[in-house]
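Whatever order the structure lists ligands and atoms in, that order sets their numbers, starting from 1.
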Amino acid sequence: MIRFDNVTKVYPRSTRPALADVNVNVERGEFVFVVGPSGSGKSTLLRLALREERATGGTVLVAGQDLNSMSSRKVPRFRRQIGAVFQDFRLLPGKTVDQNVAFALQVIGKPSSAIRQLVPETLEMVGLEGKGKRLPHQLSGGEQQRVAIARAVVNKPQILLCDEPTGNLDPKISLDIVRLLDRINRAGTTVLMATHDADTVNAMRRRVVQLEEGVVVRDAEHATYLAAT
Ligand code: ADP
Ligand code: ADP
C-alpha cells in the first residue's frame, strides 16, 4: 500500500540528507508508527507519501502509484485518496464542525444528499455527536483533532497519514486519539502515524519504524519505543 525503496531526500541547500536509503513496505490494513527524535525525518517521510515533496532518489509507491513520475496535474486526484491529519489540526476557523467535515466532500463534488448522510455518521464515529454546530475555538484540543480526523476519513480513504497528531495534546487525550486511529485502522484503513511520543506508541504495541538522522534503525512488529531523553 505504501512502499519506499532506497529512498533518499536531500532538501535544496542542505548538506545532510533528511532521509537516506530508506526501505519501508506497509501492507494494506497495517498500522505503523514512524518514530524518532525531532529532525530524524518523520515528517519528510509522510510528505513524500503525500507527494508534498519529491524524493531525490529511490522509488515511492503509494496506492499502486509511483509518486516520483506522477505529473503535478495528477497530484490533486491522488491526494483525494489519502486522508491526512496534522499536529496543528488545520481546521477552517470560521466554519462549524459540520461545515469543516462537509467541505472535504464538497470540494470533490459529492452530492449534497450524500454529504447530509456522511457528515453526521462520521462525527458520531469519532465521538462528536451533537457538536456539529460548534466552531473550532469552542472545542477542546482533543475535540478539534477529532474533527480533523472526521474530515480526513469522511471520504473513506484507503490510507490515513498522521503527522504528530497528538503533539499538542496531553497524555490522556493523546491515548484517546490514538485509540480512535486504531479503531479506524481495524475497520480497514491503512494508518501511518509519525510521533515522538513513546507512551502513545507503547500503549498500542503495533509495528514501529524508527528513524535516526534519516536512517531506519529499527523496524519491528508489536513493538515499543524507548525515546532517548
Ligand atoms: P521530523 O519530522 O522527524 O522532526 P523532518 O522530516 O521535519 O523531521 O526533518 C528532517 C530533517 O530535514 C531536519 O534536519 C530538518 O531540519 C530538515 N528539513 C525538513 N524540512 C526541510 C525543508 N523544507 N528544507 C530544508 N530542510 C528541511
Ligand atoms: P514538523 O517536524 O512537525 O514537520 P518542523 O518545525 O520541523 O515541523 O517544520 C515545519 C516546517 O518548516 C515544515 O514545512 C518544514 O518543511 C520546514 N522546515 C523544517 N526544517 C527546515 C529547515 N532546516 N529549512 C527550511 N525549512 C524547514
Side-chain angles (χ1 to χ4, degrees), residues 1-26 30-62 67-68 70 72 75-76 78-79 82-91 141 144-145 148-149 152 159-171 173-175 177-178 181 185 190-204 206-220 223-229:
M1 187 58 68
I2 303 171
R3 189 161 149 185
F4 282 64
D5 285 335
N6 307 108
V7 171
T8 295
K9 174 66 185 179
V10 183
Y11 287 104
R13 291 175 302 283
S14 91
T15 46
R16 169 178 97 68
L19 292 177
D21 201 22
V22 165
N23 289 285
V24 176
N25 185 17
V26 178
E30 277 197 276
F31 188 121
V32 180
F33 288 111
V34 178
V35 304
S38 183
S40 59
K42 305 181 296 294
S43 291
T44 298
L45 193 139
L46 265 64
R47 287 203 292 268
L48 288 171
L50 261 181
R51 243 302 288 269
E52 286 181 3
E53 295 283 350
R54 260 191 220 240
T56 312
T59 309
V60 179
L61 291 170
V62 178
L67 300 194
N68 293 358
M70 181 180 289
S72 308
V75 169
F78 160 74
R79 288 205 188 121
I82 317 280
V85 174
F86 304 93
Q87 176 169 358
D88 55 1
F89 318 137
R90 303 195 186 175
L91 301 174
Q144 289 184 55
Q145 193 60 294
I149 293 167
I159 298 171
L160 182 60
L161 301 176
C162 308
D163 192 356
E164 297 277 3
T166 64
N168 281 342
L169 305 174
D170 65 35
I173 304 298
S174 295
L175 204 53
I177 291 294
V178 78
L181 297 174
N185 168 255
T190 305
V191 176
L192 196 61
M193 171 171 160
T195 183
H196 62 258
D197 175 13
D199 289 341
T200 307
V201 174
N202 295 342
M204 306 308 288
R206 296 296 206 119
R207 181 173 166 196
V208 172
V209 172
Q210 186 172 343
L211 293 170
E212 302 278 355
E213 300 191 344
V215 174
V216 176
V217 294
R218 183 162 164 257
D219 185 347
T224 55
Y225 172 46
L226 300 172
T229 49

ring-ring contact (aromatic ring centres under 6.0 Å, His included) involving F31 - partner list, sequence neighbours excluded: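 Here the qualifying residues are F33.
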[X] to ligand 1: N or O pair under 3.5 Å?
X	answer
P12	no
S14	no
G39	yes

CD (E213) with more than 12 external heavy atoms under 6.0 Å: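 No, the 6.0 Å shell around CD holds no more than 12 heavy atoms from other groups.
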Atom pair CG (N68) and CG (L48), whose distance is rounded to the nearest 0.5 Å: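 Rounded to the nearest 0.5 Å, the CG-CG separation comes to 8.0 Å.
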Under the side chain to side chain donor-acceptor pair (under 3.5 Å) test, residues paired with K9 that sit two or more places apart: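 With sequence neighbours excluded, K9 shows a side chain to side chain donor-acceptor pair (under 3.5 Å) to E53, given in chain and number order.
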For [X], take its heavy atoms, then give the atoms of ligand 1 lying under 4.0 Å from any of them.
X	result
S38	4 (O)
P37	3 (O)
R16	14 (O)

Sole candidate of I2, V208, V209, V24 that passes side-chain contact (heavy atoms from CB on, under 4.5 Å) when paired with V32: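 The residue from I2, V208, V209, V24 that satisfies side-chain contact (heavy atoms from CB on, under 4.5 Å) with V32 turns out to be V209.
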Main-chain N/O of V10 paired with T56 side-chain donor or acceptor, under 3.5 Å: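 Yes: the side chain of T56 pairs with the backbone of V10.
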Shortest reach to atom 20 (N) of ligand 1 by a heavy atom, considering only R47, E213, K42, K9: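 Going through R47, E213, K42, K9 one by one, R47 has the nearest heavy atom to atom 20 (N) of ligand 1.
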